[in-house]
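Here is the structure we will look at, set down as C-alpha cells.
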Amino acid sequence: MSVAGLERPQLVSHVQQALSYTLFDCKWVPRSARLLCLGSAARGTGLLQLYELRGGRLALLREIEKAKPIKCGTFGATSLQQRYLATGDFGGNLNIWNLEVPEIPVYSVKGHKEIINSIDGVGGLGIGEGAPEIVTGSRDGTVKVWDPRQKDTPVANMEPVQGESKRDCWTVTFEADFVIVGFWTHSLITFGHHLRLDSDLKGNAYNQEERVVCAGYDNGDIKLFDLKTMSLRWETNIKNGVCSLEFDRKDVNMNKLVATSLEGKFHVFDMRTQHPTKGFASVSEKAQKSTIWQVRHLPQNRDIFMTSGGAGSLHLWKYEYPAQRSKKDSEGAEMGVAGSVSLLQNVTLSTQPISSLDWSPDKKGLCVCGAFDQTVRVLIVTKLNKV
Amino acid sequence: MWDSLTLPNANKEKLQYLRENAVLKAHEKAKEEAEAKKVTKQEHKKHALEATMKLEEAERKRIEDLKEKERQKVTKELELWKKQQKDAEKQKRVQKEGELYQVEQLKEKKKEKINKTRIPNEGTSKTRLKPTKGYGSYSMFSENLKEEQLPAPRSAATIRINFTSRVFPTALRESCVAEEEEWLRKQAEARRAISADLSELEDLKEEEKNPDWLKNKGNKMFATGNYLAAVNAYNLAVRLNNKLPLLYLNRAACHLKLRNLHKAIEDSSKALELLTPPVPDNENARVKAYVRRGTAFCQLELYTEGLQDYEAALKIDPKNKTIEKDAEKIRHLIQGTTQDS
C-alpha cells in the first residue's frame, strides 16, 4: 500500500465485543456514547442490551429481555429529551419503550400479522418538522405508518389490492420535504444562550409539510408513497430483491435515495427531478458478489455513505454530482442526471454478513456494525474532513 | 621453475600413471571449485532473500505503525469527545435544576397574586409563562411551543398497491432469472399443447375438453375413493394434453391404490421427466413423485430401487419425518432379506 493509499479515509476498528445472542440491529443512543443492541436470544426471546463506550471496551449497562425476538429499532420519532426506542419484533408487534422504565411499553400495537422487517421514524431528535411518525414494513406485504398518539390503528396503510398475492416488504424509510409557507423572525441574539438555528426556525415558521415513505420489496419493487396526497408517487423495479433503502437526509427536499439489493448491486437515484415516464435518474454499481445488507449515509455529510455486505465487508463510497443535475429530453420534459459513485475505502471485518450499521449522529466517523457472527464492532472512520 | 619439460628416465608406465593422477587431480579440483561456486551462489541467494524480506517487513511495519498511530489518535479524540459530552450533560442538568427552581418561585409568586386557572399542560409539569423576564429557560419554552404546534395525527387512509408480478415465492435474483423463465415457459407450453386426435372428442361437452377441469374431476373422485373413475378422468386429460406432469402424478397415486404397480411406476417416471428443470417451485411435486414410485417398487419387493427413490425424495425435502421413517423401514427390510439369504 502506498502512502497515497494512506491519505484516504481509514476504517479503524476500535472495539469488538462478542455477544451470546444473534444480533439483528444496533443503534447509537442520540447525544451519548451509548449504543443499543437488539436481537434474539437462543431460547427464542428478544434481547435489548445497552452498552457504553468506556476506554477501549464496551461496558454493559442494562439488559432487558422481552417475549419475542426483536428485529429492528429506531430512535427517529422521539424527542431528544425522551429518547424512546421504537422496536419491531418477530411477532409483528410495534412497541415504543422508555429505556428507564422498560417493563411496560409506552405504546404497543400488534401492527402486522408477520415479522416486522424494517422500521423507521421521523419527526423526532430535533430533525425535521411535524408530528413524529413511525413506519413499519412487514413480511405480510403491508407498510403501515403509525402516530404514537393514536392507538391501535395506523394513520396510513399501504397494502396489496384484494386478491393480489403478497410480497415481503424488506425495508422502509421516511423522508420529509418541507415547504415554508409563512415567514419568520429569528432573534438569536436576544436569547440568553446558544440555540441551533434550525430549532429556532421550527419554532416560528409555518410549514406545510410533505412526507413520503419509500418501501422496498423482495421482488425488486421500490415504491414511493406520498402521505400528503395518500397516493403512490413513483415505483420501479431493480431486478433484485431490495435489502435496504435510505434517503440521504430526512429533513430537506428529497435529494438522493440509495437502494441496495441482492447480488451485490446498489442504485443511487437522483430524487430532485421526476420525469413523467422515466421517473428518477439513477446510477448503479456492483460492489461485490454477495448481498448488500445495509446502506447508511454519514449524518454529517450526505454525499458519503457506507454499505455493508454479505461477505462481512464494509465499503465507504462518495457520490459526485454531475455538472448539470437536470436536462431536457426530446419532448422538453425535465429529467434528472445521475452522477457517479467512487469507492473511498473498504475493509473486511468478518466472514458472516454484516446485517446492521449505524453512524453516530454526534461524533463524525464513529459507527457501529453488527454481524451474524454474534459480534458488535465499533469503528472509527478517519480523514472524513478531507474527503 | 621447472628444469625440464618431461621427466627424465621415466618409463612409459610411470608416465602414464603420473598422467592419470594429474587428470584425476584436475577433476577433483574442478569438482571442488564447482561445489564451492554452488555453495557461494546459494549463500548469496539466501542473503538476497533475507534482505528483501527484511525490507518488506520494514515496509509493513511502517504501515502498521502509521495505522496504530491513527488508531491511538482517534481513540484519544473519542475519549475527549466523550468527556465533553458528559460535561455538557452535567451542565444541562444543573441548568435545568436551576430553571426548575426559578420556575417554582415564579409559580409561587403568581399563585399568590392572581387567581387564574392554569391551562392544563400535556404531561409536563412546567407551566407556560409569558417569556418576558428573559431568564435562560427558553429551551423549555420553545419545547412547549413546539408541543402546542404539533399537527394533529393524520386522518387514516389506505393506499392499495400492485406488485410486479412474480410467480415464485422466493426473492428475485438476477442470476436465477434464466432458469426460472425456462421452467415457466415449459409450464405455459404444456398447458397450451393439445393432442392431435380431436375427432373422437367432438361429442364431448366443452368443459370435458379442458384438461384442468378433468384433473379436478379426477381429484374429487380420488378423494371419494372412486379410483377407477379417477383414472378414466386422468386418461382423458392426458389424451388432451400429455405435457402436464400433475396428471401423471395423480394417476400414479390412483394406480397405487388400485395396486397397478407397474403402471404407477410408469406414471411417476413420466411425471418426473416432465418436472425438469428442478426449481423450488416444483419441489412438492417431485417429492410426491419419488415417494409414489418408491412405494410401488417396495410393493413389488424391489426394495433397493424403492430405497433409492425414497432417498431422492429425502434429498429434496430433508425435514419430512414420514419419508425418513419409511426409508428406515425399507433399509431394515433390505438388511433382513440379505441376512436370510
Side-chain angles (χ1 to χ4, degrees), chain A residues 1 6 10 12 14 31-33 53 55-56 79 81 130-133 141 145 147 149-150 153-161 164-168 190-193 195 199-200 202-203 209 217-221 223 225 227 230-232 235 237 239-241 262-263 362-363 365-366 380 382, chain B residues 59-60 62-63 66-68 70-75 77-79 81-86 88-89 92 95-96 124 131 134-139 141-143 145-147 149-177:
Chain A
M1 194 172 17
L6 288 171
Q10 300 292 322
V12 175
H14 180 61
R31 294 286 160 88
S32 71
L53 262 184
S79 64
Q81 288 73 23
E133 282 177 334
V145 181
D147 188 313
R149 297 168 293 178
Q150 182 171 302
T153 47
V155 293
N157 182 0
M158 288 67 138
E159 59 181 22
V161 289
E164 174 100 16
S165 65
K166 63 177 181 68
R167 303 296 328 174
D168 289 7
T190 59
F191 291 162
H193 60 272
L195 267 180
S199 59
D200 178 47
K202 285 188 293 255
E209 193 206 302
Y217 298 84
D218 70 340
N219 64 348
D221 277 347
K223 294 187 193 293
F225 303 105
L227 292 181
M230 282 297 176
S231 63
L232 178 66
E235 61 180 344
N237 187 303
K239 310 275 186 300
N240 280 300
L262 302 172
E263 318 242 305
D362 307 305
K363 172 102 178 82
L366 184 64
I380 303 174
T382 59
Chain B
E59 180 69 23
R60 223 176 291 150
R62 190 178 65 89
I63 293 174
L66 280 166
K67 276 200 178 160
E68 241 335 285
E70 280 277 341
R71 197 180 302 177
Q72 287 177 352
K73 193 167 69 150
V74 146
T75 324
E77 274 180 28
L78 197 60
E79 290 301 310
W81 169 73
K82 266 192 60 199
K83 255 191 78 202
Q84 283 177 354
Q85 286 279 338
K86 280 217 176 111
E89 258 194 60
K92 245 199 231 165
Q95 209 180 32
K96 263 207 178 142
T124 56
Y135 288 123
S137 38
Y138 283 109
S139 58
F141 292 142
S142 66
E143 255 180 65
L145 282 172
K146 192 182 170 185
E147 277 185 45
Q149 283 189 3
L150 274 183
R154 239 177 261 280
S155 44
T158 314
I159 305 176
R160 301 225 180 261
I161 54 177
N162 283 310
F163 293 113
T164 312
S165 66
R166 179 166 167 76
V167 175
F168 301 93
T170 51
L172 176 63
R173 279 172 197 271
E174 261 182 316
S175 53
C176 300
V177 166

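Keep in mind the model is a prediction, meaning the values are calculated, not measured. Quick note on labels: first sequence line is chain A, next is B, and so on, each numbered from 1.
When each of A:K239, A:K363, A:E133 is scored by its heavy-atom pairs under 4.5 Å with chain B, the top score falls to A:K363. Interface remark: of the candidates A:L262, A:D147, A:N240, A:N240 forms the most heavy-atom pairs closer than 4.5 Å to chain B. Ranked by heavy-atom pairs under 4.5 Å with chain A, the first of B:K92, B:E77, B:R71 is B:R71. Chain B forms more heavy-atom pairs under 4.5 Å with one residue of A:E235, A:H14, A:Q150, A:K166 than with any other, namely A:H14.
To the nearest 0.5 angstrom, A:D362 atom CG is 13.0 Å from B:K82 atom NZ. Of the inter-residue distances, the one linking B:I159 atom CD1 with A:M230 atom CE reads 6.0 Å to the nearest 0.5 angstrom. Here A:K223 contributes atom NZ and B:N162 contributes atom CG; the two are 7.0 Å apart, rounded to the nearest 0.5 Å. A:R167 contributes atom CZ, which lies 9.5 Å from atom OG of B:S165 (distance to the nearest 0.5 angstrom). Interatomic distance, A:I380 CD1 to B:L78 CG, rounded to the nearest 0.5 Å: 5.0 Å. B:R173 CZ to A:N219 CG: the interatomic distance, rounded to the nearest 0.5 Å, is 13.5 Å.
A:E263 and B:S175 form a side-chain donor-acceptor contact under 3.5 Å, judged by distance and modelled atom types alone. A donor-acceptor contact closer than 3.5 angstrom links the side chains of B:T164 and A:D221.
Contacts of A:D218 with chain B are made by both backbone and side-chain atoms, with heavy-atom separations under 4.5 Å. Of the atoms belonging to A:S231, it is backbone heavy atoms, and not side-chain ones, that fall under 4.5 Å from chain B. If you measure heavy-atom distances from A:D168 to chain B, you find no contacts under 4.5 Å at all. Both the backbone and the side chain of B:E174 have a heavy atom closer than 4.5 Å to some heavy atom of chain A. Residue A:V155 touches chain B through both its backbone and its side chain, counting heavy-atom pairs closer than 4.5 Å. For A:P154, the part lying near chain B is the backbone, with the side chain staying farther off; criterion is any non-hydrogen pair under 4.5 Å. Interface remark: B:K73 contributes no atoms to any contact with chain A (heavy atom separation under 4.5 Å). Of the two parts of A:L366, only the side chain, counted from C-beta on, holds a non-hydrogen atom closer than 4.5 Å to a non-hydrogen atom of chain B.
Smallest separation of non-hydrogen atoms from A:A33 and B:W81: CB-CZ3, 4.1 Å. Taking every heavy atom of both residues into account, B:F163 and A:G141 meet most closely at CZ-O, 3.8 Å.
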